[in-house]
Each structure stands twice: as C-alpha cells, then as structure tokens.
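Just so we're on the same page: letters track the sequence lines, and every chain starts at 1.
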2 protein chains.
Amino acid sequence: MSDKREHILVVAEELFGEKGFDGTSVRDIAQSAGVNLAMISYYFGSKEKLLEALIVYRTEYNYGILEELNKDEMLSSWDKIDRLVEFYVDRILNNLRFHNIMYAESTSARSNEIMEKIIHIKMRNLEQITKIITDGQAKKLFRQVDIPMTVGTIMGTITSYTQAKAYGCQILALGSNTNDEQYRSKLAPRLKAHLKQTLRGHLDIRNDDNKK
Amino acid sequence: MSDKREHILVVAEELFGEKGFDGTSVRDIAQSAGVNLAMISYYFGSKEKLLEALIVYRTEYNYGILEELNKDEMLSSWDKIDRLVEFYVDRILNNLRFHNIMYAESTSARSNEIMEKIIHIKMRNLEQITKIITDGQAKKLFRQVDIPMTVGTIMGTITSYTQAKAYGCQILALGSNTNDEQYRSKLAPRLKAHLKQTLRGHLDIRNDDNKK
DNA sequence: AAGGTTCAATTAAACGTTTGTTTAATTCAA
DNA sequence: TTGAATTAAACAAACGTTTAATTGAACCTT
C-alpha cells in the first residue's frame, strides 16, 4: 500500500473517530491529510469505500494474536483470562479512534458490506473467547456462564470508558484537556484490575451458587 | 408541551437513533412527522436545539425511580442489586433509540451544553449505585470493588447488545428482520440473568480472594 | 545519451444535490 | 382585528463526486 494512501486512512481514522463518519467531510480529510480533494475518490472510489478500506486495513493489522494465545498450552485457563483482558484493554485503548468508529457503525448500519465485516470480526472474537472459557469449564475451573453475555461484559466495560472520554476524565480525576495517551495510561490499569477481579468472581467454579 | 412539539421530538428520536444525528436531515424529520420544514426551526430554533430538547424531555421522563429504590429500607442490598439490574435493563431497552443517541453523543461532543447534560445524568446514576454498593459493604455483604468500573460493567454489558442489534440477533438466533419489541423480549431476560450472576460473583464478600 | 511516448499521479474548477435556516405571505381561531 | 401557527419558496453554504487539464517520472527507441 502506498504511503499516501495509508496516510489518508490514518487521517480519516482520526477524524471519523472524533466527529463521526457523517460529521466528517471529504474536504476535511483532504485538508488534514494535505492532499487534493479529488485524491480520495481517486484512491478509494468514494467516502464510503474509504471507510471500508479503513476497516480492512485495521482489522488485518490486528489479526492473529488471539489465536496464538489460545494455542499456548503452557498457560492455565486463569492465565489465559488475564492475558485476554490485557490484550483487549491494550488493543482497544491503542486503537481508540478506530474502536469508536466501529462502535458507531455497529449502530447505524450504513451498508451491508460494512456491517458484515463488523459482525465477522465480532464473531471471530466470540469464538476465541468461547474456546478459552469452555476449556476452563472442561478442566473444572470455571462454572457455567452465558458466554456471549460475558463477552459483552468484557467489551462493554472497556467501551463504556472509551466512547465517553469526558465522563471518564471526571471519574479518573483528569482535566478535560487530557490527551489520548494520558487517558489511556490512567484508564488501562484500572480497567484491567477491575475486569480480572470481575471475571474471577464470575467464572470461578467455587463461587457457584449451588455449592454454597 | 404542545402535542405537535412532542410528536416532532418522538419522530426525531426514532430517526436519530436509526441514522444518527448527522445522518438525519431536518427535512427527514419534518416529512416523517408530517409537519412543514420550517416548523422545526419555529419550535426549537435549530436542529441542535432540537436534540437538546429531546435529551431534556427524555431525562425528565425517566427521573426519580432510582431514588425511590435507594430509600426502600425493606430491601436487602442483594435485592437492591437485582432491582437495579432489572431497572436498567428495562429502562434502556424500553428507550433503545434514545439510549443509542445518548451514546453516540457521548463520543462526538457536539456541543458543551449537550455534553454537560449527558455527564450530569451519568454522574447522578453513579451516585445512586455508589450508595447501594457502599451500603452493602457497610453491612459486610459486599467486598471492596472499583465502583465506577462496576457501573461501567453494568451499563457497558447492556449497551454492547443495544447498539449492535444485528450482531445481537445472530447471538440470540433471531432473524435480521426482528423488530425492536421482539429483540427486547428475547434480550432482556438473558441480560438480567447474566448481570445478576456476574454481580453476585463480583460483589459477594465470600468470594474475596483474601478469604480463600 | 537524447528525444519521444506513455500513463499514473495530481490539480483546480465545476458539477448537481442536499444541507440548515430564513423570509414573506397566508391561514385561522380568538 | 390581532397574533400565533403554518406554508411554499428561496437562501447561501457545504456536501460527495466528476471532469478535463497538467505534471513528472519511467520506459522505449534511435
């Protein structure tokens, strides 16, 4: 992929993440990227195709790490849960803008192509997490839980603080002029600790109501 | 409030929830509401003021229930948690469109007025839940947890399924033509059961790591 | 090595819509 | 007769996209 094309994608990601897809004009993108207006149509065909290209670009970029985690036989089920939490918190917080775009697009269903791409990514995540949890259940470490809802809890907890930065800054006692990097460094450890504790309480077979 | 003004708000809510604020034109709203284009400026002043009016309208509409729950001395802390879960799941799912609008606006920060209104609502929710949890901790029923993160878990879990209906339909084995009412009736009990179980594991003082 | 050819990259300008908002005229009940 | 409610029309600005002209480096032929 050419440097210029990639540069446009990165700039578009930032703007879409800030102001939304409809809130960002092609002229905004061209100006911020320092390219001519017509180059966006020239490279991507249309504004919507640009969004599709961005999703493909970021998705391929982030591929494969979960699969490796699952294959690692040295890790206990509990270790895998901890790694999973760290992986998702870091990955989402490192791609904060992109994550907000995907999140917004999940609601609006702009086009079938984009929606299918998003659902495909989510299904793949669900599969990987399902493997980890069922594996822990087979080893009598985890109790029975609603796995898709549990995935919703993991993702939703993280997202509730990534898509509402102004609120998050208040909670974390940060100023409203906090940049993304500062926000992430404060938020990440707190999210990780909370999610690990929550999932421990949620999954531990010793916490099963039937056994009390 | 006049009937016509209220009707415009309800129609705008539906459209904003479906296609987003920027994705909905004033002409869309006027046509769907069956009123003249100029009436929106006449009643609300501008498109953005209309959004503000909608937030005020819905927020006042949903006020006060949590406060009553908190004051009820007959309920145990565990009962309050269960009621809390039921309240939030029902309230969010009954105002699905509005909830999606609020969430989208949390990210984009269209104006200071709107952002402040949203943060105010969230802070009020946080206060009420904080009371319930600290009360349970004082009674030695709940362990120490990160309360703002716990609120994020409750809201985030629900939201992860309200803002991604197409994905949710796949998980719930529903067709893609499922309407909001059907979606809600399938989703609500599952969300409630999962959140109650999760919070039980998360909050129960007997699950404290120090005590094992 | 020089000159000619080719084609992707880039540009400024213009395209036709659609946007949110306003205007000025009209309706209609009090 | 008054004034709020309602209308069709028009407004300028912004929108995504296309066009047609120009650049400039790579390639080929002599």
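Protein atom CD1 of Ile40(B) is 14 Å distant from nucleotide atom P of dA8(D), rounded to whole Å. Remark: P of dT21(C) and CE of Met39(B) are 15 Å apart, rounded to the nearest angstrom. Protein atom CG of Leu50(B) is 12 Å distant from nucleotide atom C1' of dG20(C), rounded to whole Å. Atom CZ of Phe44(B) and atom P of dT21(C) are 13 Å apart (whole Å). Taking atom NZ of residue Lys4(B) and atom C1' of nucleotide dA4(D), one finds them 13 Å apart after rounding to whole Å. Whole-Å rounding puts the Lys19(A) NZ to dC15(D) C1' distance at 13 Å. The CD1 atom of Ile8(B) sits 12 Å away from the P atom of dA5(D) (whole-angstrom rounding).
The phosphate of dA9(C) has neither OP1 nor OP2 within less than 4.0 Å of any side-chain N or O from Tyr43(A). The phosphate of dA9(C) has neither OP1 nor OP2 within less than 4.0 Å of any side-chain N or O from Asn36(A). The side chain of Lys47(B) contributes no N or O atom lying less than 4.0 Å from OP1 or OP2 of dT19(C). Between Tyr42(A) and dT10(C) there is no side-chain polar atom (N or O) within less than 4.0 angstrom of OP1 or OP2.
Residues from residues 20-35 of chain B placing a heavy atom under 4.0 Å of any atom in DNA chain C, listed by number, are Thr24(B), Ser25(B), Val26(B), Arg27(B).
Considering all non-hydrogen atoms of both residues, Glu6(A) and Tyr57(A) come closest at OE2-OH, 2.9 Å. What you find for Glu86(B) and Lys192(B) is that their closest heavy atoms are CG-CD, 3.7 Å.
Ring geometry for Phe21(B) against Phe16(B) counts as tilted: the plane angle lies between 30° and 60°, on a 0 to 90° scale.
Once rounded to the nearest 0.5 Å, the distance linking CG of Asp82(B) with CG of Leu75(B) reads 10.0 Å.
When only modelled atom types and interatomic distance are considered, Gln128(A) and Asn70(A) share a side-chain donor-acceptor pair under 3.5 Å. With no hydrogens or angles considered, a side-chain donor-acceptor pair links His202(A) and Thr150(A) at under 3.5 Å.
At a threshold of 4.0 angstrom between heavy atoms, the contacts of Leu37(B) include nucleobase atoms, whether or not backbone atoms are also involved.
Judged by distance alone, with hydrogens and angles left aside, the side-chain atoms of Thr134(A) form a donor-acceptor pair with the main-chain N or O of Lys131(A) at under 3.5 Å.
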